[in-house]
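Excluded from the calculations below are hydrogen atoms, water molecules and symmetry mates; all remaining heavy atoms, backbone and side chain alike, are included.
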Amino acid sequence: MGDLVVTTFLTMDGVMQAPGGPPEDVSGSFEHGGWLVPFADEDMGAQVDEWFSHAGAFLLGRGTYEIFAAHWPKVPVEGDRVAWSLNTLPKHVASTTLGAVDWEASQLITGDVPTAVQALKETVDGELQVHGSAGLVQTLLRHELVDELRLIVFPVVVGTGKRLFGEGAVPTTFSLVSSASTSTGALTAAYRHVGGVQTGSFLLEE
């Protein structure tokens with residue numbers, strides 16, 4: 001059984017929309033696409049490569065699938081961990097609007113997504129990785145299907161956009177697995193799912 005791992009780039013105010021360029025996702029009149037690019041460096045690339053090395057399959061939402069399918073098949077796989085992984089490993093696409101998926105090794109998920117994802121986790125050899133896919137991630141978090149979050153938080157605030165934790169987020173505790181910083185001031189962190197939220201109090205007892 002493989003872990004389901006969500007990897008995403010975030011602004012300091014938790015936005016994950018369109019990190020790589022303005023055309024990626026302009027929904028909601030988002031005007032800050034490409035906010036990650038000025039902070040990209042070798043440290044970030046090395047961390048992303050290391051995370052991709054654990055992938056056994058990918059789970060993608062429609063929007064991210066279409067962005068990836070338009071770009072990554074054009075990138076040579078030799079010497080590129082990300083390109084090799086995305087172009088050769090199985091890709092499962094959750095969508096209610098796509099009729100078919102034609103990128104190599106892609107399969108469309110039909111029916112109930114949480115049930116299908118739970119079944120996928122039981123068959124994947126390696127990690128079932130989710131990249132981007134903001135809407136899908138919301139569903140996975142609500143159904144407590146995420147075993148680990150891998151985040152790179154960049155030193156920028158955009159104010160609006162799709163966030164990792166949206167309305168109706170399930171109260172959850174995570175445990176920090178690893179963390180580091182990049183040369184441009186981004187913070188990388190991996191968090192394992194622990195369970196519900198525990199509370200306490202600093203109030204003095206009378």
Which atom pair, heavy atoms only, marks the closest approach of [X] to [Y]?
{"X": "D13", "Y": "G159", "value": "OD2-N, 2.8 Å"}
{"X": "G56", "Y": "P90", "value": "O-CD, 3.6 Å"}
{"X": "A105", "Y": "T88", "value": "CB-O, 4.0 Å"}
{"X": "D49", "Y": "R81", "value": "O-CG, 3.5 Å"}

Checklist entry - R150 and side chain to side chain contact (heavy atoms under 4.5 Å, CB included): which partner among Q129, H131, Q47, E50? => result Q129
Checklist entry - Looking at T7, T8, V48, which hits side chain to side chain contact (heavy atoms under 4.5 Å, CB included) with I152? => result V48
Residue pair [X] / [Y], side-chain heavy-atom distance below 4.5 Å:
{"X": "V157", "Y": "T11", "answer": "no"}
{"X": "W35", "Y": "P19", "answer": "yes"}
{"X": "V93", "Y": "F58", "answer": "no"}
{"X": "V5", "Y": "W51", "answer": "no"}
{"X": "P114", "Y": "R142", "answer": "no"}
{"X": "L59", "Y": "L140", "answer": "yes"}

More than 12 heavy atoms of other residues, nucleotides or ligands under 6.0 Å from [atom1] of [X]: is that the case?
{"X": "E122", "atom1": "CD", "value": "yes"}
{"X": "Q118", "atom1": "CD", "value": "yes"}
{"X": "R62", "atom1": "CZ", "value": "no"}
{"X": "D112", "atom1": "CG", "value": "yes"}

Checklist entry - What class does the angle between the rings of F39 and F154 fall in, given that below 30° is parallel, 30 to 60° is tilted and above 60° is perpendicular? => result tilted
Checklist entry - So H193 and F174, would you call those rings parallel, tilted or perpendicular, with 30° and 60° as cut-offs? => result perpendicular
